[in-house]
Each structure stands twice: as C-alpha cells, then as structure tokens.
Amino acid sequence: MNLTPIIVAMAAALFILSVGLANAGKTVNEAGALVCVTDRWDEKELEKGHKLADAVMRCVAIPDDPALEKYAQDCTGNYEYMPDGSWKSSGTCTDTFKNGDKSYESWEEGSHLKEYTYKKTGGTGKFEGIRGDGTYMYEALTDTLFGGRYKGRMELP
C-alpha cells in the first residue's frame with residue numbers, strides 16, 4: 001500500500017488549517033488607493049435647493065501592502081443636499097475578492113465630516129464574521145470618476 005498520496009494530502013490539509021488558524025482573531029491594518037465610478041445617479045429636487053439622490057457606484061480598492069488582496073466594490077447610497085449647502089449620505093458596499101469571498105460594509109459621508117467613515121459588517125468565506133472600521137476620502141475627477149485613499153482596520157474572526 002502506497003501511503004505517499006495520503007501523507008501529502010494530510011500535510012496539505014494541515015498547512016491550510018494552520019494558515020486559517022494563524023489569521024483567526026487577527027487584526028489587520030489596511031490602507032490604500034480607492035478609485036470609483038458612478039454608474040447611476042438618480043436625482044430629484046424636492047424644493048428649491050433640497051435634493052435627494054440615489055446612487056449606484058463601483059470601486060476598486062488597491063492596498064498599499066502587496067500582501068493584502070485588491071478587491072472590487074459594488075455600492076449603493078442615498079444622498080441628501082440641503083438649501084444651506086450642507087449634505088449627507090449613507091449606503092452599503094459589497095467587496096468581492098478574486099476567489100469569490102465577500103465582505104460587507106456600511107458607509108457615511110457628509111459635509112459635517114472631515115473624513116468619511118466605513119464599518120465592516122460581515123462577509124462570506126474567510127471574511128465570515130469580519131468586523132472593522134476606517135475612514136476614506138476621495139475627490140471628483142470628472143462627473144462620474146472619483147479617486148482617493150482609505151485607511152482602517154479589519155478584525156478577522
């Protein structure tokens with residue numbers, strides 16, 4: 001009986017399990033570039049100077065740390081613009097990684113914030129149970145294209 005395939009399989013399984021356990025309960029600091037495009041902007045003016053908008057956006061997050069994965073974001077949000085020039089918005093994003101794992105986050109933006117905020121709220125695969133938070137800021141490059149930076153932390157389960 002040749003035990004080599006069984007030993008190789010057990011060694012591989014043990015390696016995969018140990019990598020997963022090494023990341024369990026680990027806090028990872030994240031920072032990087034953020035590039036977003038607005039796919040849909042549905043704006044309605046309720047009264048002069050008071051507008052509501054529903055938005056659909058896609059982003060790419062590119063971490064500064066090459067050991068962290070790049071990921072795509074699909075985001076939706078609601079914006080409110082007031083007659084006095086102030087504004088606020090909130091929404092959610094689904095972050096999709098190359099292997100199909102996802103993480104979810106909620107976000108808040110507004111004229112009252114120096115930096116916009118996000119909170120990690122869960123995920124699938126290795127991101128199931130993820131928590132964390134951070135800040136980001138971006139600026140409009142065109143009517144539909146935005147670029148900026150993010151920084152924060154994620155707590156892996």
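By convention here, the first residue in the shown sequence is residue 1. Note that the structure is predicted; figures quoted are calculated from it, not measured.
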### Query
Is there a side-chain contact between Glu30 and Met154 (heavy atoms, below 4.5 Å)?
yes
Distance col, row Ser106:OG vs Asp133:CG, nearest 0.5 angstrom, shows 10.0 Å
Distance col, row Glu139:CD vs Leu145:CG, nearest 0.5 angstrom, shows 10.5 Å
query = So, Thr124 and Lys102: side-chain donor and acceptor under 3.5 Å apart, yes or no?
reply = no
ask   = Charged N to carboxylate O under 4.0 angstrom, Lys151 versus Glu115?
value = yes
Looking only at heavy atoms, the pair that brings Asp42 and Arg40 closest together is CB-NH1, 3.6 Å
With Cys93 as partner, the option from Arg58, Gln73, Lys120 fulfilling side-chain contact (heavy atoms from CB on, under 4.5 Å) is Gln73
Show the numbers, then the answer: is there a ring pair (Phe, Tyr, Trp, His ring centres under 6.0 Å) between Tyr104 and Phe127?
-> CA-CA 9 Å; Tyr104 308 112; Phe127 297 106; 9.8 Å; no
Rounding to 0.5 Å, atoms CD1 (Ile62) and NZ (Lys70) come to a distance of 7.0 Å
Other residues, nucleotides and ligands only: do more than 12 of their heavy atoms fall within 6.0 Å of CD on Glu128?
no
- Message: I want to check something: taking the side chain as every heavy atom from C-beta on, are Lys88 and His112 in contact at a cut-off of under 4.5 Å?
- Response: yes
In terms of heavy-atom contacts, Gly123 and Ile130 come closest through N-CG2, 4.2 Å
Indicate yes or no: at least one non-hydrogen side-chain atom of Met137 is less than 4.5 angstrom from one of Tyr116. yes
Can you get from Val35 to Tyr136 by hopping between Ile, Leu, Val, Met, Phe, Trp and Tyr side chains that sit under 4.5 Å apart?
-> no
Here the gap from Leu156 atom CG to Arg131 atom CZ, rounded to the nearest 0.5 Å, amounts to 12.0 Å
Would you say the ring centroid of Tyr138 lies under 6.0 angstrom from that of Tyr150?
no
Check Cys59 against Cys36 for me: are their SG atoms closer than 2.5 Å? yes
- Message: Is there a path of hydrophobic side-chain contacts, each under 4.5 Å between heavy atoms of I/L/V/M/F/W/Y residues, joining Tyr118 to Trp87?
- Response: yes
Distance col, row Cys75:SG vs Asp39:CG, nearest 0.5 angstrom, shows 10.0 Å
* Is Asn99 atom CG crowded by more than 12 heavy atoms from other residues, nucleotides or ligands, each under 6.0 Å away? -> yes
Q) With side chains defined as the heavy atoms from C-beta onward, is the minimum distance between Phe146 and Thr38 less than 4.5 Å? A) yes
For the residue pair Trp107 and Tyr79, categorise the inter-ring angle as parallel (less than 30°), tilted (30 to 60°) or perpendicular (more than 60°). tilted
query = Short question: side chain of Ser90, backbone of Glu108 - any donor-acceptor pair under 3.5 Å?
reply = no
- Task: Would you check if there is a donor-acceptor pair between the side chains of Tyr81 and Glu43 at a distance under 3.5 Å?
- Result: no
Shortest non-hydrogen pair, Gly129 vs Pro157, comes out as C-CG, 4.0 Å
Side-chain donor or acceptor of Arg149 paired with backbone N/O of Ala31 under 3.5 Å: no
So CG of Leu68 and CG of Asn29: to nearest 0.5 Å the spacing works out to 9.5 Å
Any non-hydrogen side-chain atom of Leu52 less than 4.5 Å from a side-chain atom of Leu46? yes
| request: With the side chain counted from C-beta on, respond yes when Asp74 and Asp95 share a heavy-atom pair under 4.5 Å apart, and no when they do not. | output: no
- Task: Decide side chain to side chain contact (heavy atoms under 4.5 Å, CB included) for Glu80 and His50; before the verdict, give the C-alpha distance in whole Å, the side-chain angles of both, and the deciding distance to 0.1 Å.
- Result: CA-CA 7 Å; Glu80 182 175 18; His50 186 196; 2.7 Å; yes
